[in-house]
Q: 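Got a structure for you, questions after.
Just so you know, ligand 1 is whichever comes first in the structure, and atom 1 is the first atom listed for that ligand. Source: prediction; values computed, not measured.
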Amino acid sequence: MKYLKGSCLCQKVKIQVADRFEYIGNCHCSECRKFSGSAFATAAGIDFEDFKIIEGKEFVSIYQKTDNTALGFCRNCGSSLFSQKTQTRKYNIRLGILDDSPTKKPTFHIFVSSKAPWYDITDNLTKFNEMPIGTVDN
Ligand SMILES: [Zn+2]
Ligand SMILES: [Zn+2]
């Protein structure tokens, strides 16, 4: 199994993740917009077992968004890192933290109905107005 390395902006937090993401998609919901500070967040789903913080665990802060969703970010530089789904035991990794290239690429957009009005989607990936069952839930 190939492993990918990733890090936050200040390099205090270093992560490792198996290169076997279940899905990769761009989420356009307003909460991902806030958390990332960008038009959308590229989220990649992986099992708890396949994701590891290998350095700087003490710098990872958790914001408990809902009962089932916790957002992780670096408390030193503010980089958003992942969301943690306690019910399904999945991480949705914020793909921008990767320093290596994953084999899979994004294949869809979700929450297109709430995308930023100032952003136009110009690619041909599948668009979902909300969240299709069995894919990303940020
Ligand atoms: Zn940092
Ligand atoms: Zn979202």
Side-chain angles (χ1 to χ4, degrees):
M1 172 56 51
K2 189 178 150 203
Y3 287 90
L4 306 165
K5 293 272 166 60
S7 55
C8 66
L9 176 62
C10 76
Q11 299 291 308
K12 295 223 184 283
V13 180
K14 303 226 162 111
I15 64 99
Q16 175 184 281
V17 62
D19 187 21
R20 58 169 160 223
F21 293 112
E22 260 172 56
Y23 52 79
I24 303 179
N26 297 327
C27 184
H28 296 261
C29 82
S30 59
E31 295 183 345
C32 282
R33 198 146 67 235
K34 297 281 185 197
F35 186 52
S36 67
S38 304
F40 57 86
T42 304
I46 195 95
D47 286 337
F48 270 17
E49 296 71 38
D50 288 330
F51 173 78
K52 237 193 254 162
I53 297 165
I54 52 176
E55 222 181 287
K57 213 172 187 160
E58 68 276 20
F59 288 100
V60 177
S61 282
I62 297 291
Y63 168 64
Q64 194 72 42
K65 190 178 87 168
T66 63
D67 280 353
N68 185 39
T69 305
L71 299 176
F73 61 96
C74 172
R75 82 166 62 126
N76 191 53
C77 69
S79 299
S80 41
L81 303 169
F82 56 79
S83 72
Q84 211 175 355
K85 315 301 293 185
T86 37
Q87 273 163 22
T88 51
R89 296 183 54 77
K90 300 255 186 241
Y91 282 101
N92 279 327
I93 308 301
R94 276 18 189 185
L95 216 59
I97 68 170
L98 286 189
D99 296 310
D100 298 323
S101 298
T103 304
K104 267 189 195 154
K105 291 191 170 159
T107 56
F108 59 87
H109 298 275
I110 58 167
F111 287 105
V112 169
S113 57
S114 44
K115 78 172 179 62
W118 43 266
Y119 182 78
D120 294 323
I121 298 171
T122 56
D123 60 47
N124 292 319
L125 303 184
T126 311
K127 297 186 191 74
F128 299 99
N129 269 336
E130 289 182 349
M131 186 185 60
I133 305 297
T135 60
V136 183
D137 168 18
N138 292 285

Q: Any link between Ile54 and Val17 through a network of hydrophobic side chains (Ile, Leu, Val, Met, Phe, Trp, Tyr) touching at under 4.5 Å?
A: no
Q: Hey, is the Zn ion (ligand 2) within less than 2.8 Å of some N/O/S atom on Cys27?
A: yes
Q: Show your working on side-chain contact (heavy atoms from CB on, under 4.5 Å) between Phe82 and Val60 and close with a plain yes or no.
A: CA-CA 10 Å; Phe82 56 79; Val60 177; 4.0 Å; yes
Q: Mind checking side-chain contact (heavy atoms from CB on, under 4.5 Å) for Thr86 and listing every partner two or more places apart, or none if nothing turns up?
A: Asn68
Q: Does any pair with a residue in residues 98-112 pass salt bridge (charged side-chain N to carboxylate O under 4.0 Å, His left out), and if so which ones, sequence neighbours excluded?
A: none
Q: Test of geometry: compute the angle SG(Cys29)-the Zn ion (ligand 2)-SG(Cys32) and round it to 10°.
A: 110°
Q: Is it true that Leu9 and Phe59 fall in one hydrophobic cluster, defined by side-chain heavy atoms closer than 4.5 Å?
A: no
Q: Which pairs with one or both residues in residues 111-132 pass side-chain hydrogen bond (donor to acceptor under 3.5 Å, both in side chains), sequence neighbours excluded?
A: His109-Asp123
Q: Just the protein N/O/S atoms under 2.8 Å from the Zn ion (ligand 1), please, no waters.
A: Cys8 SG, Cys10 SG, Cys74 SG, Cys77 SG
Q: Please work out whether the ring planes of Phe35 and Phe73 are parallel, tilted or perpendicular, with thresholds of 30° and 60°.
A: perpendicular
